[in-house]
Structures are given as C-alpha cells and as structure tokens.
Asks: 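My structure is below; once you've seen it, I'll send some questions.
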Amino acid sequence: MIQIYLHDTLKQRKVPFTPIDTNNVRIYVCGPTVYDKAHLGNAKTPVVYDILYRLLCQVYGKEHVTYVSNITDVDDKILNKHKETGKSIREITEQTYNWYLEDMAKLNVLAPNFRPRATEYIDAMIELVKKLLANGHAYAAENHILFDVDSFAGYGTLSGRSMKEMLAGARIEVADYKKNPADFILWKPSAADQPGWDSPWGYGRPGWHLECSAMSSNLLGNDFDIHGGGSDLIFPHHENELAQSCCAFPGTHFAHYWVHTGMLMINGVKMSKSLGNFYTVDEVLQKAPAEALRLLFLTTHYHQPFNFTFEGLQLAKNTLDKFYNALLKNQDIPTDTVAPSDKIVAALADDLNTPLALSYLHETVNELNKAETPEERRRLKAQLLADAYMLGLLYNDAEKWFKGENDDDETAAIEALIKQRAEAKKNKDWATADAIRNELKTRGIVLEDSPTGTTWKKI
RNA sequence: GGCCGGUUGGCAGAAUGGCUUAUGCAGAGGACUGCAAAUCCUUCUAUAUCGGUUCAAUUCCGGUACCGGCCUCCA
C-alpha cells in the first residue's frame, strides 16, 4: 500500500499519513456558509479535497473512507441577508445550498458521504456545551456561554501562536464580560425575532465553531484522521474547534492531521467577500466550461496561494481541447477499465502534487497522439482516462466537448456545407472551399481536414 | 507590531545536495496540408540578493529586499 504524505498544519511540515483505522479512514472538511452564491474560493477548496478523497478511495478502498463536509446554515450573515432581502431564513439557505450542489456537480466533485447541516445538530451542540460547563472549560456571562481559553493548555498550538502574541497585536474589540479576551462564544442569546432554539441557557443559538465539533464527533468519532478547510480558518475557527472538542472529550485528540488550502487571489490580493474582489462560480462559468476551472485549480499546488486570471482559465480550456482532441481521434477504440498509473498515484500521494500529476497527463496524451498500433492506442487511452479520473478530469464526452449541444437542424446545416466544400475540393475549386471554411469560421466553427474526411469543432 | 508562508525562463508551474532543472503556454525553425486547422519533430530563455556549511547548493542554515496570508467574518 502506497504511503501518503500530507502537509500537516499542526506539525508545520509534510508528514507520512497513517490512518487510525485503515478500514475506516475519516475526513472532515469545513464547507460553506449558505447565504450567497459560491465564489471561486468556495469552489477551490472542495475541488482540492475531492482529489484527496479520490486518492484515499484509491489507496484504502471507497468503502473504507468516510468523508464529511458540512453546511453552515445558522449564522449572522444569513440573518443579515434575511433582513436585507426579506426572504425567510429557510428560503435563503435552501436556495443557496442548491446552488452550491449545482456548482459542485458541474465541477465534478464527488459527493461526500455526509453533508450535515448545522441546524440538524443543535441538540448535539447543546450537549457539548453542557459537557464543557460540567468539566469547567466554559462559563456563563451575561446570557452568553463562553469557552474558557485559559482552561486549555494547548490553546494556540494549531495556529502556532501564544496567548501573549495574540494579545499583543489584537484588534479585537473585547466584550468586558470575557475573562480572557480570547474566550469565544459557545452559545448566545437570540431575540424573539431571531432564529434560535430552547436550551438550558434560554432561547439562543450556537457560536460558529461549535457545529464542526458536534458534527465531527457524531459522524466520525472524537478522534478522526483529517480535518480540512481553507487556511483562513486556522485561526480562530479550527483553533477553537480543537480546544472545545479536546476539552469536551478528555483524552481524545480530535483531528490527527490538519490540512489547509492556500487562498485564492485576484491580482495578488486574497479574494474575499469582505474585500468585494470576488467572482462567483456562476459568473466564471459563463466564460469557460466548469472542467477548465477545475483543471485551473489543479495547476497550482493546493498549499500555495492561487492567483486567478481569466487568461489562465482560457489556457486551461486550451489544455482540455488538446486532451479531448486526442480522445476524439481515438473514439472508436474501446475503453478498458484499468488502474491509475503508479506515477499519478505517487504524485498525488506526495501531498497532492497535482501540477506534477498533470504533467504526466500531458505525457500520456503525447504518447497517445504518437501511438501507431491499435493495441498501443487502446492501452494509452485507457491509461489516460484512468489517470484523469484521479484528478476528476476528462469526464465529458469528447464529441460534445467540441460540438456542444446542437439541435439537429444546425448540425445538418453544418454538414451540408462541409459536403459542398468536399465537392469543391474535389474539383480543386479552392476559392469556394476556402469561402465555405471562412463562412463557418465566422460562426465559430473550425474545420479540420484529414485523409479520412473533414471534422468540425466549435471554438 | 506579532506569527507564518513565498520569491525558479516572456508567462503559468513542478522537482532536485552534484549528471541534460520537468510539464504546459508563448517565441523560432521544420514535417504534414492545395492553403489551413489539428498533430508531430527540433529549438531559445530561469533558480531574488548577500553570507555560511559542504569536495559540491537553486536545494540545507542565517541575514537583506520584495510579495502574500493570519492576528476581525471568511474556503
């Protein structure tokens, strides 16, 4: 069994990955807060973990991997959206959730085993707060329940900062009822017109970090293998999850490996809602197929910041044109199901080196283009598709990739013109032949002549 | 201010204590083609900077510069 290496945030270096139980490898990834259409950053992270999921399935077997990715559907941003638009909370979260699922499907992200929603785990969260109060890690102040940071010696280890450092440059406005400025909210009161649930501490709602602790322990157990998310979640979100989970379940370690993805940048600046420099997945997909966006995400190592440009998106599209062109030329070759190549698996096992894996894909495509015998083509085509599957690529039909969804009339019209041109070519009437080709080109259709005839593609 | 990460050719982006530093795009030349397109072949260009360790560093260590992230909601 191949050894997987991952960059662990806790150890701040690449380490060999050893699951707690190879029969049930468990991974939890923080999903989006559903209050608005997903932006590119919201899409990049699930694409990265989709690769990790595919790798874990390949190495340990699909039935031995449990992948959980949550949906945050209780949050003040949703509340604000409700105030702005007048739409009900339920309407906002349902709609946004469905948009998110559509985006994920377009990006060929495999469904996790569970997509738990925070509102379905309120009882579990209340239980967690009770435990923390009972064992002295939480306290009540002015109707809030707060986590007592000083009660957990390990606080700050994940994000690699000491309490002193955090306070040094802190810009937080500190509520005066906090014993320590870093104490964070486990449960807060809701006004009558705000969403809330009855609890031992009155009508209220959970603090942000609580849901992931509750859902991970319910679905994966108190100790599980990998916890993932964007690097902007390291502090305070993951630090706080870690603290409250370890304190609620003494003797457990919560996640054994922490994996974080680099931020998506626009013109060298982190893309974020608060800065307003963001693109939604939706609007980007108006300009290129989803697969091009997926491939673009994989051209940079996940741990690095990723700079998004529309030029890059176009290059990714061109790369896929090259790949699909090779598949198109070998359409008639039967597709065998084979295992992914050792090289691809090794590249991904080395902390998800997707750029290296992509370079192998290029090599295979080049070999396929050069292959002379049907046996060779058959072998290389199968290899290419198996390798591409590990990256979640080449999931489209080659012919559809180039021709799109056309109605029969359009197709017939194009083919009639190609037939006319073939006649002209036969008579060496190059002027007519070129005129037809140019006419089609203005309609975005490119012709390719070959010894066996002429094929067409949409650009 | 504190903590963390980065700096590889025209661009994107891997890898590596020494041998030819991938891969893709772009550029140059060629094959194929009626001409194209697609494809194939050949080819030019890079390790921020200054020190240290070493027989040998782009790679390890330290300083400097620049860039970015986190420290507040964020994937």
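Every chain is numbered from 1, with letters handed out A, B, ... down the list of sequences. Any value given below was found using the heavy atoms of this structure, including those in side chains, with hydrogens, waters and symmetry copies removed.
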Asks: Looking at C35(B), does its base get a donor-acceptor pair with the side chain of D449(A) below 3.5 Å?
Replies: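 Flag set: donor-acceptor pair detected.
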
Asks: Counting heavy atoms from C-beta on, name the nucleotide in G34(B), G69(B), U23(B) closest to the side chain of E363(A).
Replies: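 Closest nucleotide to the E363(A) side chain: U23(B).
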
Asks: Taking the minimum atom-to-atom distance to the side chain of P32(A), which one of A37(B), G68(B), A75(B) wins?
Replies: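 The nucleotide sitting nearest to the side chain is A75(B).
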
Asks: Using the C1' atom as the reference point in each nucleotide, state the distance between C67(B) and A56(B) in Å, no decimals.
Replies: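 Roughly 31 Å separates the two C1' atoms.
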
Asks: To the nearest 0.5 angstrom, please state how far the CG atom of L242(A) sits from the CD1 atom of I234(A).
Replies: 12.0 Å

Asks: Given A38(B), A75(B), A14(B), which nucleotide is nearest the side-chain atoms of Q304(A)?
Replies: A14(B)

Asks: Side chain of N42(A) only, please: which of A75(B), U23(B), C73(B) is the nearest?
Replies: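 Output: A75(B).
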
Asks: Looking at K457(A) and D321(A), does any basic side-chain N land under 4.0 Å from a carboxylate oxygen?
Replies: no

Asks: Counting side-chain heavy atoms from CB outward, which of G5(B), C40(B), G34(B) is closest to Q12(A)?
Replies: G5(B)

Asks: For A46(B) versus U20(B), give the span between their C1' atoms, rounded off to a whole number of Å.
Replies: 15 Å

Asks: Are OP1 or OP2 of A12(B) and a side-chain N or O of N307(A) less than 4.0 angstrom apart?
Replies: no

Asks: Check whether the side chain of N318(A) and the base of G24(B) form a donor-acceptor pair under 3.5 Å.
Replies: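 For N318(A), whose side chain was compared with the base of G24(B), there is no donor-acceptor pair (under 3.5 Å).
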
